[in-house]
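Reading through the structure tokens given below for one structure.
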Amino acid sequence: LNPGERLESGIQNVIVLGEEEALLLTALESFKDGDVQRQAGDRWMVYGPSDYVPPITVSILEKRKAIPLDQNEGIYVRNLKSGKVSMIVGQSYMLKPDEELYVKHVPPVVESLLEKQGRDDAGVEFRGREATRVVAYRAPHNSAVQVYDYKRHAA
């Protein structure tokens, strides 16, 4: 820096990314990033493990971590470009630059059913449903459940 100059954002630290972490970045103005030409508004990710020092032409939108999912767990993911919502089940998943977690709204009747099934034999209370997690209903022994497909309008 020359006399009288100062850093726009002050002194910034190096961002250290672990193996299961990534940074979601956006370009504030057009620039060349190595061999890639970035345009203003472009979104991309830097994956770990690595150290990252953002240039002044880049803004960090968020730090993302891989979402570990068991074989019976899932999440809803929405593609920002197409608007398509998909379900990811049973694998560790890192959101892509053009994806976000989708909040699945369910009717109050369904929410109350999930609350009722959330109590186990020991009487442990329902912790609340995470809106981005796949809706799962554990049917009690010796019972029947009808599932309705809203896209096909069939049960």
Side-chain angles (χ1 to χ4, degrees), residues 1-108 110-115 117-120 122-139 147 149-151:
L1 295 175
N2 293 322
E5 293 182 341
R6 61 184 176 91
L7 294 173
E8 189 174 290
S9 303
I11 298 173
Q12 295 183 342
N13 294 329
V14 172
I15 299 167
V16 179
L17 297 173
E19 191 172 325
E20 298 287 320
E21 295 178 324
L23 288 176
L24 177 60
L25 307 170
T26 186
L28 300 175
E29 57 188 60
S30 299
F31 74 102
K32 188 159 182 133
D33 183 20
D35 296 337
V36 180
Q37 180 66 33
R38 306 277 185 197
Q39 300 298 321
D42 282 358
R43 291 167 57 123
W44 73 97
M45 291 180 71
V46 173
Y47 296 93
S50 67
D51 297 337
Y52 185 73
V53 179
I56 58 170
T57 56
V58 172
S59 174
I60 299 172
L61 296 178
E62 67 179 319
K63 187 174 185 178
R64 292 184 171 177
K65 293 185 178 186
I67 303 167
L69 299 170
D70 193 21
Q71 64 182 358
N72 297 326
E73 295 178 321
I75 54 172
Y76 295 110
V77 175
R78 184 170 75 97
N79 187 306
L80 297 173
K81 292 180 180 175
S82 67
K84 181 182 175 192
V85 176
S86 57
M87 181 175 62
I88 308 296
V89 179
Q91 62 185 10
S92 181
Y93 190 74
M94 173 70 79
L95 292 172
K96 295 177 179 62
D98 58 345
E99 292 179 338
E100 69 179 3
L101 287 175
Y102 177 75
V103 176
K104 174 80 171 177
H105 297 286
V106 294
V110 174
E111 198 72 50
S112 67
L113 284 172
L114 293 172
E115 284 180 26
Q117 70 103 29
R119 294 184 186 94
D120 61 9
V124 176
E125 288 296 315
F126 182 67
R127 294 184 311 266
R129 183 181 77 84
E130 288 185 48
T132 59
R133 295 283 175 155
V134 170
V135 176
Y137 180 75
R138 289 178 292 166
V147 178
D149 187 345
Y150 287 96
K151 287 187 178 179

Minimum heavy-atom separation for [X] to [Y], with atom names?
X: Ser30; Y: Gln39; value: OG-OE1, 3.1 Å
X: Val103; Y: Ala131; value: CG1-CB, 3.4 Å
X: Pro54; Y: Ile15; value: CD-CD1, 4.4 Å
X: Arg38; Y: Ala27; value: CB-CB, 4.4 Å
X: Gly48; Y: Leu17; value: CA-CB, 3.8 Å
X: Pro68; Y: Arg133; value: O-NH1, 4.3 Å

Charged N-O contact under 4.0 Å between Lys65 and Glu20: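 Result for this pair is no, no salt bridge flagged.
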With rounding to the nearest 0.5 angstrom, report the [atom1] to [atom2] distance, [X] to [Y].
X: Ser92; Y: Leu69; atom1: OG; atom2: CG; result: 7.0 Å
X: Ile67; Y: Leu95; atom1: CD1; atom2: CG; result: 4.5 Å
X: Glu99; Y: Ile88; atom1: CD; atom2: CD1; result: 7.0 Å
X: Asp98; Y: Leu24; atom1: CG; atom2: CG; result: 10.0 Å
X: Lys81; Y: Lys96; atom1: NZ; atom2: NZ; result: 12.0 Å
X: Thr132; Y: Arg78; atom1: OG1; atom2: CZ; result: 13.5 Å

Given the rule in the side chain to side chain contact (heavy atoms under 4.5 Å, CB included) test, do Tyr93 and Val77 qualify, once you have shown the distances and angles that lead to the verdict? CA-CA 10 Å; Tyr93 190 74; Val77 175; 4.0 Å; yes
Take Arg43 and Leu80 through the test side chain to side chain contact (heavy atoms under 4.5 Å, CB included) and record every step on the way to the result. CA-CA 11 Å; Arg43 291 167 57 123; Leu80 297 173; 3.7 Å; yes
With a sphere of 6.0 Å drawn around CD of Glu19, does it hold more than 12 non-hydrogen atoms of other residues, nucleotides or ligands? no
Has Ile60 got more than 12 heavy atoms of other residues, nucleotides or ligands less than 6.0 Å from its CD1? yes
Set out, in order, the CA-CA distance, both residues' side-chain angles and the distance that settles side chain to side chain contact (heavy atoms under 4.5 Å, CB included) for Val135 and Met87, then state yes or no. CA-CA 10 Å; Val135 176; Met87 181 175 62; over 6 Å; no
The single option from Leu61, Asp42, Val46, Asp33 that satisfies side-chain contact (heavy atoms from CB on, under 4.5 Å) with Leu25 is Val46
Walk me through whether Val58 and Trp44 qualify under side chain to side chain contact (heavy atoms under 4.5 Å, CB included). CA-CA 10 Å; Val58 172; Trp44 73 97; 3.9 Å; yes
Going by the angle between their ring planes, with limits at 30° and 60°, are Tyr76 and Tyr102 parallel, tilted or perpendicular?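 If you compare the ring of Tyr76 with that of Tyr102, the planes turn out perpendicular.
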